[in-house]
Amino acid sequence: MIVAESRPNPNPSPATAAQTQLADVWRVVVLNDPVNLMSYVVMVLKKVFGFDEMKARRHMLEVHEQGRSIIWAGVREQAEAYVFTLQQWHLNAVIEAE
Amino acid sequence: MKRVEVKLNLEAVAPLLDAIKEAADDLRPELALSTHAPDADKEFADGWKQELLAGQNTDIGAFLALFDSEFFTTGVLPLDPTNSEAILRACAAVRLRLHAKHLAPLGDEALESGEVPLDEMPEPQRRAFAAYVFLATLQELIVQHLDPTVME
């Protein structure tokens with residue numbers, strides 16, 4: 001599993017701190033893009049999250065057909081690390097409060 | 001993944017390198033996909049973007065390094081576990097840029113099916129499309145070698 005090991009970690013802004021207090025669980029969401037290949041997206045999801053083939057394909061198809069898929073949910077710090085890694089692979093990934 | 005040597009037709013690929021290098025130049029100061037850092041704090045967002053940009057430039061540098069004088073002699077691209085992931089990411093970045101700059105007006109369905117009006121396309125767009133398809137083929141090849149269980 002690849003996660004970002006080094007990235008900026010400044011103090012959160014007051015707004016972010018407030019949001020963090022309100023939401024304990026954060027979602028990693030991948031949004032559709034018209035360019036990246038399906039096989040590439042599947043490979044990235046397997047590599048980053050350790051998904052098996054079936055689970056990675058299910059998420060890829062959800063992104064392709066519905067425009068977005070919730071890939072992971074958990075603590076904010078880990079969600080940020082996943083989003084950063086997905087963006088390194090040029091996937092359109094965002095973090096959302098649950 | 002073992003070391004793989006991909007033999008390319010130099011006459012076919014060399015003209016595409018102009019489009020690829022132009023896209024790579026465009027990407028030096030900006031990300032292929034505009035992203036939003038998860039924190040609105042400006043310092044955080046700037047650091048986030050700069051780190052992504054540094055990684056993108058490293059990947060693209062590794063990719064362009066494949067097209068050296070030896071490539072223009074042999075037509076061979078050497079792929080191995082040390083460079084394949086960077087090349088995959090670089091191909092994705094360049095394809096995103098080619099799409100944004102030249103190909104978006106063609107429509108996603110046409111691009112996905114490959115049914116584009118080649119004869120009516122201006123030369124820069126035709127060349128960008130050929131590079132876009134070439135990079136996709138290279139990505140498919142690498143994905144298959146990195147992870148043979150992935151099927152399209």
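Because only heavy atoms are used, hydrogens play no part in the values below, and waters and symmetry mates are left out as well, while side chains stay in. Remember, predicted model here, so these are calculated numbers, not experimental data. Letters A, B, ... mirror the listed sequences (proteins, then strands); counts begin at 1.
Put simply, of Ala93(A), Ala79(A), Ala56(A), Pro34(A), the one with the most heavy-atom pairs under 4.5 Å next to chain B is Pro34(A). For the set Leu52(B), Asp59(B), Leu33(B), the count of heavy-atom pairs under 4.5 angstrom toward chain A peaks at Leu52(B). With chain A as partner, the option from Ala32(B), Gly55(B), Ala93(B) having the largest number of non-hydrogen pairs under 4.5 angstrom is Ala93(B).
Lys55(A) meets the side-chain contact (heavy atoms from CB on, under 4.5 Å) test with Phe51(A), Asp52(A), Arg58(A), His59(A); sequence neighbours excluded.
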Would Leu88(B) and His90(A) count as a side chain to side chain contact (heavy atoms under 4.5 Å, CB included) here? Give the steps. CA-CA 10 Å; Leu88(B) 263 182; His90(A) 306 290; over 6 Å; no

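The ring pair (Phe, Tyr, Trp, His ring centres under 6.0 Å) test with Tyr82(A) is passed by exactly one of Trp26(A), Trp89(A), Trp72(A): Trp72(A).
Looking at Glu51(B) and Lys49(B), no side-chain N of the basic residue comes within less than 4.0 Å of a carboxylate O on the acidic one, giving no salt bridge.
Among residues 109-122 of chain B, the residues having any heavy atom closer than 4.5 Å to a heavy atom of chain A are, in sequence order, Glu112(B).
Of all heavy-atom pairs between Pro29(B) and Asp26(B), the closest is CD-O, 3.2 Å.
Grouped with Ile70(A) in one hydrophobic cluster are Val29(A), Leu31(A), Val94(A), the linkage being side-chain heavy-atom contacts under 4.5 Å among Ile, Leu, Val, Met, Phe, Trp and Tyr residues.
Among residue pairs with one or both ends in residues 62-87 of chain B, those qualifying as ring-ring contact (aromatic ring centres under 6.0 Å, His included) are Phe63(B)-Phe67(B), Phe67(B)-Phe71(B); sequence neighbours excluded.
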